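Below is one structure, written out as C-alpha coordinates; comments come after it.
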Amino acid sequence: MTGIELLDDPRADAVAVERELKDIARLNALFGGTRAVVRELERFFKTGKRSAGREKGGAWTLLDVGTGLGDIPRAAAASARRHGVTLRTVGVEINRAAVASAIRADRSGGLTLVLADGNTLPFSPKSVDFVVASQVL
(Lines give C-alpha, C1' and ligand atoms only; values in the text may rest on other atoms or scores of the structure.)
Protein backbone atom coordinates (compact mmCIF):
# COMPACT_ATOMS: atom_id res chain seq x y z
CA MET A 1 0.00 0.00 0.00
CA THR A 2 1.49 3.34 -0.99
CA GLY A 3 -0.57 5.56 1.26
CA ILE A 4 -3.70 6.02 3.31
CA GLU A 5 -6.95 7.08 1.71
CA LEU A 6 -7.96 10.56 2.93
CA LEU A 7 -11.12 9.44 4.71
CA ASP A 8 -9.25 6.65 6.52
CA ASP A 9 -6.39 8.86 7.70
CA PRO A 10 -6.84 9.97 11.32
CA ARG A 11 -4.42 12.87 10.67
CA ALA A 12 -6.25 14.15 7.58
CA ASP A 13 -7.08 17.83 7.39
CA ALA A 14 -10.64 18.34 8.67
CA VAL A 15 -11.47 20.86 5.92
CA ALA A 16 -10.33 18.44 3.21
CA VAL A 17 -12.31 15.61 4.81
CA GLU A 18 -15.51 17.65 4.94
CA ARG A 19 -15.06 18.81 1.35
CA GLU A 20 -14.62 15.19 0.23
CA LEU A 21 -17.69 14.07 2.20
CA LYS A 22 -19.79 16.82 0.62
CA ASP A 23 -18.66 15.65 -2.82
CA ILE A 24 -19.64 12.07 -1.99
CA ALA A 25 -23.08 13.13 -0.72
CA ARG A 26 -23.59 15.16 -3.90
CA LEU A 27 -22.60 12.16 -6.05
CA ASN A 28 -24.95 9.90 -4.05
CA ALA A 29 -27.79 12.28 -4.90
CA LEU A 30 -26.85 12.89 -8.54
CA PHE A 31 -26.08 9.32 -9.59
CA GLY A 32 -28.75 7.51 -7.59
CA GLY A 33 -26.81 5.89 -4.76
CA THR A 34 -29.13 7.29 -2.13
CA ARG A 35 -32.24 6.47 -4.18
CA ALA A 36 -31.07 2.90 -4.74
CA VAL A 37 -30.65 2.23 -1.02
CA VAL A 38 -33.94 3.91 -0.08
CA ARG A 39 -35.84 2.08 -2.84
CA GLU A 40 -34.69 -1.29 -1.47
CA LEU A 41 -35.51 -0.33 2.11
CA GLU A 42 -38.98 0.86 1.09
CA ARG A 43 -39.89 -2.73 0.19
CA PHE A 44 -39.46 -3.56 3.87
CA PHE A 45 -41.15 -0.39 5.06
CA LYS A 46 -44.23 -1.24 2.96
CA THR A 47 -44.51 -4.97 3.64
CA GLY A 48 -41.94 -5.87 6.24
CA LYS A 49 -43.70 -4.29 9.18
CA ARG A 50 -46.50 -6.83 8.78
CA SER A 51 -44.46 -9.88 7.80
CA ALA A 52 -41.71 -9.29 10.36
CA GLY A 53 -44.25 -8.98 13.15
CA ARG A 54 -43.51 -5.31 13.59
CA GLU A 55 -46.27 -3.27 15.12
CA LYS A 56 -47.04 0.11 13.63
CA GLY A 57 -44.74 2.47 15.48
CA GLY A 58 -42.24 -0.28 16.33
CA ALA A 59 -38.70 0.90 15.71
CA TRP A 60 -36.14 -0.62 13.37
CA THR A 61 -32.44 0.19 13.34
CA LEU A 62 -30.30 1.00 10.30
CA LEU A 63 -26.52 0.85 10.61
CA ASP A 64 -24.59 2.75 7.93
CA VAL A 65 -20.92 1.75 7.88
CA GLY A 66 -18.84 4.58 6.41
CA THR A 67 -21.77 6.97 6.75
CA GLY A 68 -19.96 10.08 5.52
CA LEU A 69 -22.28 13.00 6.18
CA GLY A 70 -25.17 10.63 6.92
CA ASP A 71 -27.10 11.51 3.75
CA ILE A 72 -28.24 7.93 3.12
CA PRO A 73 -29.54 7.17 6.63
CA ARG A 74 -31.30 10.56 6.78
CA ALA A 75 -33.05 9.81 3.48
CA ALA A 76 -33.95 6.32 4.71
CA ALA A 77 -35.41 7.72 7.95
CA ALA A 78 -37.52 10.23 6.00
CA SER A 79 -38.85 7.43 3.80
CA ALA A 80 -39.59 5.26 6.83
CA ARG A 81 -41.58 8.09 8.41
CA ARG A 82 -43.70 8.38 5.25
CA HIS A 83 -44.54 4.67 5.66
CA GLY A 84 -45.34 4.93 9.38
CA VAL A 85 -42.12 3.20 10.42
CA THR A 86 -39.75 4.51 13.07
CA LEU A 87 -36.18 4.03 11.89
CA ARG A 88 -33.32 4.62 14.30
CA THR A 89 -30.18 5.43 12.35
CA VAL A 90 -26.60 4.79 13.40
CA GLY A 91 -23.62 5.91 11.35
CA VAL A 92 -20.09 4.57 11.76
CA GLU A 93 -17.00 6.47 10.70
CA ILE A 94 -13.33 5.73 11.33
CA ASN A 95 -12.19 9.35 11.07
CA ARG A 96 -12.87 11.89 13.87
CA ALA A 97 -13.09 14.75 11.37
CA ALA A 98 -15.73 12.82 9.43
CA VAL A 99 -17.75 12.25 12.60
CA ALA A 100 -17.58 15.97 13.42
CA SER A 101 -18.71 16.85 9.89
CA ALA A 102 -21.60 14.38 10.08
CA ILE A 103 -22.72 15.86 13.40
CA ARG A 104 -22.82 19.31 11.80
CA ALA A 105 -24.72 17.96 8.78
CA ASP A 106 -27.33 16.20 10.92
CA ARG A 107 -29.44 19.21 11.84
CA SER A 108 -32.31 17.01 13.04
CA GLY A 109 -30.08 15.19 15.52
CA GLY A 110 -31.62 11.88 14.51
CA LEU A 111 -28.40 10.15 13.47
CA THR A 112 -26.37 8.48 16.20
CA LEU A 113 -22.70 8.62 15.24
CA VAL A 114 -20.08 6.14 16.36
CA LEU A 115 -16.33 6.49 15.89
CA ALA A 116 -15.26 2.96 15.00
CA ASP A 117 -13.58 0.78 12.40
CA GLY A 118 -16.03 -0.94 10.06
CA ASN A 119 -13.89 -4.08 10.26
CA THR A 120 -14.50 -4.40 14.01
CA LEU A 121 -17.97 -3.04 14.65
CA PRO A 122 -18.82 -2.44 18.32
CA PHE A 123 -22.34 -3.90 18.12
CA SER A 124 -23.71 -7.15 19.44
CA PRO A 125 -25.18 -9.73 17.08
CA LYS A 126 -28.75 -9.03 15.92
CA SER A 127 -28.68 -5.52 17.41
CA VAL A 128 -29.55 -3.86 14.07
CA ASP A 129 -32.13 -4.66 11.41
CA PHE A 130 -30.40 -3.26 8.31
CA VAL A 131 -26.75 -2.66 7.43
CA VAL A 132 -25.64 -0.37 4.63
CA ALA A 133 -22.05 0.00 3.42
CA SER A 134 -22.27 2.20 0.35
CA GLN A 135 -19.04 3.13 -1.45
CA VAL A 136 -16.94 1.50 1.26
CA LEU A 137 -14.20 -1.00 0.47
Side-chain angles (χ1 to χ4, degrees):
M1 186 169 172
T2 58
I4 298 175
E5 201 267 345
L6 174 72
L7 297 179
D8 294 338
D9 186 351
R11 298 173 315 254
D13 176 65
V15 173
V17 167
E18 186 158 338
R19 187 172 40 243
E20 182 73 16
L21 293 175
K22 286 179 179 177
D23 286 345
I24 291 169
R26 189 175 309 112
L27 294 171
N28 281 339
L30 289 173
F31 294 110
T34 301
R35 281 189 306 277
V37 171
V38 170
R39 182 178 54 242
E40 293 304 311
L41 288 170
E42 282 179 336
R43 293 181 14 216
F44 293 97
F45 299 157
K46 290 175 185 175
T47 61
K49 61 186 170 193
R50 289 188 302 276
S51 63
R54 300 283 182 180
E55 301 294 324
K56 187 165 179 97
W60 285 350
T61 303
L62 169 75
L63 171 63
D64 184 18
V65 180
T67 197
L69 293 179
D71 50 301
I72 291 176
R74 280 197 308 278
S79 174
R81 280 191 299 277
R82 289 191 297 273
H83 289 91
V85 173
T86 300
L87 185 67
R88 290 186 298 247
T89 54
V90 179
V92 170
E93 269 299 336
I94 194 169
N95 184 306
R96 286 187 190 281
V99 170
S101 293
I103 290 169
R104 285 191 296 279
D106 184 35
R107 293 176 187 91
S108 69
L111 177 63
T112 300
L113 287 145
V114 177
L115 180 65
D117 185 333
N119 291 311
T120 55
L121 293 170
F123 304 102
S124 59
K126 299 183 183 182
S127 62
V128 300
D129 299 292
F130 304 101
V131 178
V132 175
S134 177
Q135 298 189 49
V136 177
L137 278 179

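Quantities reported herein were computed from a predicted structural model and do not represent experimental measurements.
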For residues 71-81, run the donor-acceptor check on the side chains, cut-off 3.5 Å, and write out each pair with its distance to 0.1 Å, sequence neighbours left out.
unit_1: Asp71; atom_1: OD2; unit_2: Asn28; atom_2: ND2; d: 2.9
unit_1: Arg74; atom_1: NH1; unit_2: Leu69; atom_2: O; d: 2.7
unit_1: Arg74; atom_1: NH1; unit_2: Gly70; atom_2: O; d: 3.4
unit_1: Ser79; atom_1: OG; unit_2: Glu42; atom_2: OE2; d: 2.7

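Screening Leu7, Val17, Leu6, Leu21 for a side-chain contact (heavy atoms from CB on, under 4.5 Å) with Asn95, the sole residue that qualifies is Val17.
For Arg26, the side-chain hydrogen bond (donor to acceptor under 3.5 Å, both in side chains) partners at least two apart in sequence or on another chain are Asp23. Every residue two or more places apart in sequence or in another chain was checked for a side-chain hydrogen bond (donor to acceptor under 3.5 Å, both in side chains) with Thr112, and none qualifies.
More than 12 non-hydrogen atoms from other residues, nucleotides or ligands lie less than 6.0 angstrom from CZ of Arg35.
Taking the six-membered ring where tryptophan is involved, the planes of Phe130 and Phe45 are perpendicular, since the angle between them exceeds 60° and thus also 30°.
Follow the hydrophobic side-chain contacts under 4.5 Å out from Leu87 and you reach Phe44 in the same cluster.
Atom CD1 of Ile24 and atom CD of Glu20 lie 4.5 Å apart (nearest 0.5 Å). Considering CZ of Arg88 and CG of Leu63, their distance stands at 12.5 Å, rounded to 0.5 Å. Rounded to the nearest 0.5 Å, atoms CG (Leu62) and OG1 (Thr89) are 7.0 Å apart.
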For this session: Could you walk me through whether Asp64 and Val92 pass the side-chain contact (heavy atoms from CB on, under 4.5 Å) test, one step at a time?
Result: CA-CA 6 Å; Asp64 184 18; Val92 170; over 6 Å; no

For this session: Evaluate side-chain contact (heavy atoms from CB on, under 4.5 Å) for Val85 paired with Trp60, printing each intermediate quantity in order.
Result: CA-CA 8 Å; Val85 173; Trp60 285 350; 4.0 Å; yes

For this session: Please report the C-alpha distance between Val90 and Val114 in whole Å, then the side-chain angles of each, then the deciding distance to 0.1 Å, and finally whether the side-chain contact (heavy atoms from CB on, under 4.5 Å) criterion is met.
Result: CA-CA 7 Å; Val90 179; Val114 177; 3.9 Å; yes

For this session: Check the pair Leu113 / Ile103 against side-chain contact (heavy atoms from CB on, under 4.5 Å), numbers first and verdict last.
Result: CA-CA 7 Å; Leu113 287 145; Ile103 290 169; 3.4 Å; yes

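A donor-acceptor distance shorter than 3.5 angstrom exists from the side chain of Thr47 to the backbone of Arg43, with no hydrogens or angles considered.
For the pair Leu121 and Gly118, the tightest heavy-atom approach, listed with the atom from each and the gap, is CG-O, 3.6 Å. Residue Gly68 comes nearest to Glu93 through the heavy atom pair N-OE2, 2.7 Å, listed as atom of the first residue, atom of the second, then distance. Residues Pro122 and Ala116 come closest through the heavy atom pair CD-CB, 3.7 Å.
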